[in-house]
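Note that the numbering runs from 1 along the sequence shown for the chain. First listed ligand is number 1; within each ligand, the first listed atom is number 1. Excluded from the calculations below are hydrogen atoms, water molecules and symmetry mates; all remaining heavy atoms, backbone and side chain alike, are included.
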Amino acid sequence: MEEKQKSLSPPPCPSTVTVRRNPPRRARATPYTTTTKPPLSSLASAKPHDVPTFPIDEILSIQIPQSEPKQAIAESLKIFLRIKPLKTFTKVTTTTKSRPRNVWPQNPSKKNTAKENRNPEITKKVKKKDEEACITLNDSYSVTLTPPQSLQELKRSKTEVYEGFSHVFPADCSQNDVYDKMVQPLLEDFMKGKSGMLAALGPSGSGKTHTVFGSLKDPGIVSITLRQIFKKNDESSSGSLRSFNLSIFEICSERGKGEKAYDLLGGESSELSVQQSTIRGLKEVPIQNLEEAESLIGQAMLKRATATTNSNSQSSRSQCIINIRASCNGFSNETKLQSSDAMLTIVDLAGAEREKRTGNQGERLVESNFINNTSMVFGQCLRSLLEYQKNRKKGLQKHHQNSLLTRYLRDYLEGKKRMALILTVKAGEEDYLDTSYLLRQASPYMKIKFDNTEEPCNKRQLKTFPRAEKNKKIKLSAPKTSQIEEIFHGERCQISQEVNLQGKKADPTDRSSPRLEHVAQDKNERDHIIMRNFSRVLWNVLKQCNEKLKVAEGEIFTLKDSLRREQLKSLGLETELISLKSSCLAEPCIPEVEVIVNAKELLEVDAALTNERNVDDDSCNLIKARREAGAEESSETPVPNVVRNADDDSCNLIEARREAGSEESSKSPVPNVVRNVDVDSCNLVNPRREASAEESSESPVPSKNVKDAELVPCHLSSENDAEPRQSVNSEGNVGIPSTITHVEAEVTDFQRDQAIQNQDDPTPSPEQVEVSQDCINSGLSNVQTKSAISRRFPDSEKQERNRRLLPASSRSLTEEMNDLDIKDIQTEKQQVKTTKTRVQKKAVSIQGQETEVPAREAEPASTKKQKNGQKPKRRLQPASSVLLTREINTLEIEDDIAEPKVNRGGKKTTVSQPRSQGSVTLLRLLTNNLHL
Ligand SMILES: Nc1ncnc2c1ncn2[C@@H]1O[C@H](COP(=O)(O)OP(=O)(O)OP(=O)(O)O)[C@@H](O)[C@H]1O
């Protein structure tokens, strides 16, 4: 007992107690589960092997009901689809007799159809064309459209699924099927007094007319409807109360000028007046029975515009509208409604057609444009109505204004009245585009499905296109060929890697794998694409380079032109300066002026030549030959020879210079001022000789002897012209210019010979002097130092040019000086003698001094005192002192000239310049300090 009590007593409380505040909720048991819930005992007794297996087979076997077809959009608009059978013509070929297609009298052009049908070749062709179908029926409400292989995208198949149709009529459906499903509901409403419209829309030859009008054997919906109308009217007790009228008209375009409406039941003047959507003057013919109606329709069909095209032997060229108006004469007992006029409109639209397929030309083409436009507007109205009915929030886009037909059918196209539309399509592969266009336009719903046949290919395509874009980016910058090559090689490597990967994926060991073929094809395709892209990029790069080159060339030309202009300008300024100087100093500066003028001419010629040849000026080599010689005959004081050179570094230069001066004054220093003008390599030899001697023994008489063998510069730079240069030569130490050229050598040889010859006879004859000068000239000309310009312009012409260039005052002076020179040479023997002696001395001195002295070296006056045989020391002057010296020289000359001078002709060429005593002293000081 105690044990029992112990066992019944509660267990001792634990030290810690957990209180659950929110116990977990349990789901409420469903009645089913509660009822079938097995008892606990049974559960406890249940063994594991009794657990039923999961009924997977049962689940899989359950047939899931297909999703409900998308309902037609609204009652006011029903869209049907009818597929034209593929092998239509097989039937025709089997029926050997050519029978009229329609119930009504046929168009004469129909005969052609019969001929074609008899011709087996044509039939075969047509048969062949329509062998493959592009459209398949999914169910009664949807179809799938598959593009033909030729139109399939690369490695991607596309299918379009069109659904939401009220009904899809397969190819083997009958006209009665169409009537039952499509027309019957409308007719019932019509009989009750509701208006409605039926329209057939589709590409040319798809069976619209066949559907609407049919044939004798297979009448269309118009015939069936009329039959039904009269049948129903007869059946009904209140039939007598309703009357029917028929009107038929067509809308067409006359030579593309605009839309016109013609009454097909009217008389001769069948054209109708159209005002907006109202057609006036349309004849309504009352119809009492079926026969009357059919005969009227037959008449209308005869009048309707038809033509033969490649698509259809009897193609409708107009929009045909048939109106059946039912008017009630009283209150209908059946409907219990106030009878009102109801209109049943049946429209056979002209089929849209593509020019390629129809082969239309001329007037037919204009017609087809009209038809296509009308179809397009109709399709737009339909599309907007469909969209509006799907989503009422969207406003209804109104396109009906764009054609007469849509204006006329406005109420239907805006959804205010009931409309049933039948889309007729051809099922052939070749008709895919037409079918697709129509279905996209007029089907309620559409889905496009893409099926990737090969994933790697698509992946590759996606990779390829960005790379192509990369190349495009590169071409915008200034790419180098190496860059492009790198990109190209990189791309190739990547692609080859990808192809290898694909090859691996495709299991190369398995030869039966069809992927290997694809890989090879892909590789070829890829290579082709890459090469094409690369060539495009390369082509663009080359084009850009070419453009840049052209721009650069243009810039070079403009720069060269501006340089030449500047040179000419500076030369002009130089000329002016010299002329002014000469006018001030009364010194004939003709050589300089001449040189500059010639240089200017040469520049112009050069400019012309360079424009033609575009020679790079920088590549010219500079050759300078200079010759300076001076001699002094003064025993007491040094007589400086001031030589002024102008260099030209811009082109090939050969400078030949000759200076000679002598003075015979015994007491006072007689300066010889010799001006040398730079001579260029363009080989103009411009000999000039001036000799002057003074024999005054008391007063210092400056003599000015200029004897130049000038080579007129071809490319004379005015900048370098300004460079001062001095060489002071004593009797024993003659400063020889830097480079003694071959020309100089020849000249000096000649002079030496002359000097030797004249040793015996110290008094040379004037002829000798002339001969020697001629020899010098010829010697120079032998080495082609004659310029093209000098050849072009003889001396007389040059003088004339100088005359023109020089100012009036200086011109007169120059002329005077020239006259004087000539006179001196011809008449005064003493002067000639002096000159000759000077030439001889110079020749000897040159002979004695074969030592090369660096160019641009100015010899100080102190070196004159050095003994013979001693090398003249160099003394480089700073730039500032050179400039100063130059200025002082000028001043000195001016100073000398400032003194009254009497030339040989006895004419006074005094240019009086007032100068203060202080300035004279300063000048002398400066001169002494600078050893001038
Ligand atoms: N469902 C069909 N069954 C048998 N034959 C058909 C069918 N549809 C069309 N046809 C035939 O195809 C030919 C062309 O048809 P139809 O004239 O009706 O085309 P259409 O669409 O009116 O062309 P168009 O717009 O050029 O007038 C006709 O000979 C017609 O008999």
Aromatic ring pairing Phe230/Phe244, orientation class (parallel under 30°, perpendicular over 60°, tilted between): perpendicular
Whether Gly205 lies under 4.0 Å from ligand 1, heavy atom: yes
Neighbour count above 12 (heavy atom, 6.0 Å) for Lys194 NZ: no
Close approach of Arg317 to ligand 1, heavy atoms, under 4.0 angstrom: no
Where ligand 1 meets Pro85 - atom numbers and elements under 4.0 angstrom, heavy-atom basis: 1 (N), 2 (C), 3 (N)
N or O pair under 3.5 Å between Thr211 and ligand 1: no
Inter- and intrachain pairs under salt bridge (Lys or Arg N to Asp or Glu O under 4.0 Å), touching residues 279-291, at least two apart: Glu284-Arg325
Thr424-ligand 1 polar pair, N/O distance under 3.5 Å: no
Short N-O contact, Arg304 and Asp348, less than 4.0 angstrom: yes
Option set Ser375, Ser174, Gly207, criterion heavy-atom distance to atom 8 (N) of ligand 1, minimum: Gly207
Heavy-atom gap Pro203 to ligand 1 smaller than 4.0 Å: yes
Under 3.5 Å side-chain donor-acceptor pair for Asn372 and Ser375: no
Per-residue contact class, Lys84 against ligand 1 - non-hydrogen pairs under 4.0 Å: side chain
Candidate with minimal heavy-atom separation from atom 4 (C) of ligand 1, of Gln175, His210, Arg304, Arg82: His210
Identify each donor-acceptor pair in which a side-chain atom of residues 379-386 lies under 3.5 Å from a protein atom, sequence neighbours left out, and give them as a table.
| unit_1 | atom_1 | unit_2 | atom_2 | d |
| --- | --- | --- | --- | --- |
| Arg383 | NE | Glu387 | OE2 | 3.2 |
| Arg383 | NH1 | Arg440 | O | 3.1 |
| Arg383 | NH1 | Gln441 | O | 3.1 |
| Arg383 | NH1 | Ser443 | O | 2.9 |
| Arg383 | NH2 | Glu387 | OE2 | 2.9 |
| Arg383 | NH2 | Ser443 | O | 3.4 |
| Ser384 | OG | Gln380 | O | 3.3 |
| Ser384 | OG | Cys381 | O | 2.9 |
| Ser384 | OG | Gln397 | O | 3.0 |

Polar contact flag, side-chain donor to acceptor under 3.5 angstrom, Ser327-Ser243: yes
